[in-house]
Amino acid sequence: MDRVGGKTLSVPASSQGGLAELGAAWLNDTNQFYMYALVRKFGFELEIQRHKGLNLFEDSKGKMHSIEYGKEYLNDEFYEDLAKQAELTHLVHPELSQHAMKHDKMSFAEYAQQFSSKAEIIADDIAKTLLGVQAKDISALYMFNYTKSGTGLDNILSDLRDGGQYMRNRHGNQNFSVRLANDLKPDTVHLSAPVTKIEQHG
């Protein structure tokens, strides 16, 4: 599919209108100030994410569970250790982190298995929610570094103000790329073309 947008893809939700995000879906108006500046420039309308009530989960055996929002991972040994490992990770050079080689050879799923089968389910849930992949497909080190880059798992997963999932764009997040591409000179964007060199000026 030839398009601009990268990890963003906004498609019609139904014949009744609206958009569904098949890629990156959320942003906020505080610590993502560059994105929010584009929101204002393009006149996009933002919608605050719902964050009250119960979350419903179906386990591998088909049993449904309801958990109060925000209480999913509290007091969980795996979740606490994940936060600790992320804090210990070197942000710019993760390869210099303590036990970097060990954690890079270990998948995020394997790391979670050390705690419990529940931890493995949580790890898969986190990986799918944040990255769109299964926990077995990324290294533990990658997840630690990604978590730190987002200022902690609590913040990345939060639907509250300053959180990574606080707001949704009613115009679709792919439209950031579309509008930016439209501002460029004609024939600047080349689709289905490999990148061979990157130069940055200014």
Side-chain angles (χ1 to χ4, degrees), residues 6-9 13 20-28 30-32 47-168 173:
K7 288 188 176 182
T8 60
L9 178 58
E21 299 286 17
L22 302 186
W26 294 278
L27 64 149
N28 66 45
T30 51
N31 52 43
Q32 295 177 6
E47 186 77 21
I48 295 176
Q49 180 75 18
R50 293 179 66 89
H51 56 81
K52 295 181 180 179
L54 299 175
N55 285 343
L56 299 178
F57 297 91
E58 182 177 359
D59 63 26
S60 59
K61 297 179 180 178
K63 183 178 179 181
M64 295 298 296
H65 304 269
S66 63
I67 307 173
E68 184 181 348
Y69 172 80
K71 301 292 180 65
E72 296 95 332
Y73 312 127
L74 294 181
N75 302 317
D76 183 90
E77 181 185 3
F78 159 71
Y79 185 76
E80 291 174 1
D81 192 74
L82 173 56
K84 175 184 174 183
Q85 296 298 333
E87 185 59 33
L88 293 172
T89 299
H90 194 293
L91 183 60
V92 180
H93 295 287
E95 71 277 7
L96 301 179
S97 306
Q98 187 178 22
H99 308 305
M101 187 174 294
K102 172 187 172 184
H103 289 151
D104 201 37
K105 290 181 177 178
M106 175 190 301
S107 73
F108 186 40
E110 290 169 335
Y111 162 73
Q113 288 167 7
Q114 299 175 114
F115 296 88
S116 66
S117 56
K118 175 190 173 186
E120 189 177 358
I121 294 172
I122 293 174
D124 215 39
D125 184 44
I126 290 172
K128 288 176 181 177
T129 300
L130 296 180
L131 302 167
V133 298
Q134 293 181 307
K136 66 180 179 63
D137 295 326
I138 54 174
S139 76
L141 181 64
Y142 178 86
M143 192 66 226
F144 299 158
N145 185 253
Y146 182 87
T147 300
K148 185 161 189 174
S149 70
T151 65
L153 202 57
D154 285 335
N155 194 55
I156 293 175
L157 293 172
S158 176
D159 295 336
L160 303 177
R161 186 169 180 81
D162 301 328
Q165 303 185 52
Y166 178 54
M167 291 175 157
R168 297 179 75 97
N173 280 344

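Under a 3.5 Å cut-off, the side chain of Glu21 and the backbone N or O of Asn173 do form a donor-acceptor pair. Side chain of Tyr111 to backbone of Ala123: no donor-acceptor contact under 3.5 angstrom is found. Looking only at distances, a side-chain donor or acceptor of Ser107 sits under 3.5 Å from a matching main-chain atom of Glu110.
For the pair Ala109 and Glu120, the tightest heavy-atom approach, listed with the atom from each and the gap, is O-CG, 4.4 Å. Minimum heavy-atom separation, Leu88 to Gln98: CD1-OE1, 4.3 Å. Between Thr8 and Ala24, the shortest heavy-atom contact is CG2-CB, 3.8 Å.
Residues meeting the salt bridge (Lys or Arg N to Asp or Glu O under 4.0 Å) test with Glu95, sequence neighbours left out: none.
Between His103 and Phe144, the angle of the ring planes goes over 60°, which puts this pair in the perpendicular group of the 30/60° scheme.
Here the CD-CD distance, from Glu77 to Gln114, works out to 10.5 Å after rounding to the nearest 0.5 Å. Note: Met106 CE to Leu141 CG = 10.5 Å, rounded to the nearest 0.5 Å. The distance from atom CG of Asp125 to atom CG of Leu130, rounded to the nearest 0.5 Å, is 9.0 Å. A distance of 10.0 Å separates OH in Tyr79 from CD1 in Ile122, rounded to the nearest 0.5 Å.
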Discussion item. Quick one, Ile126 with Met143, criterion side-chain contact (heavy atoms from CB on, under 4.5 Å). Give me CA distance, side-chain angles, the key distance, then yes/no.
Written reply: CA-CA 10 Å; Ile126 290 172; Met143 192 66 226; 3.9 Å; yes
Practice prompt. For Trp26 and Arg168, run side-chain contact (heavy atoms from CB on, under 4.5 Å): C-alpha distance rounded to whole Å, both residues' side-chain angles, the deciding distance at 0.1 Å, then the answer.
Written response: CA-CA 5 Å; Trp26 294 278; Arg168 297 179 75 97; 3.2 Å; yes
Discussion item. Walk me through whether Tyr166 and Gln49 qualify under side-chain contact (heavy atoms from CB on, under 4.5 Å).
Written reply: CA-CA 5 Å; Tyr166 178 54; Gln49 180 75 18; 5.9 Å; no
Discussion item. side-chain contact (heavy atoms from CB on, under 4.5 Å), that's the test. Do Lys84 and Glu80 meet it? Break it down for me.
Written reply: CA-CA 6 Å; Lys84 175 184 174 183; Glu80 291 174 1; over 6 Å; no
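Contacts classified as side-chain hydrogen bond (donor to acceptor under 3.5 Å, both in side chains) and involving residues 140-153 (residues at least two apart or in different chains) are given here: Thr151-Asn155. Residue pairs that meet the salt bridge (charged side-chain N to carboxylate O under 4.0 Å, His left out) test with at least one member in residues 127-141, sequence neighbours left out, are Asp124-Lys128.
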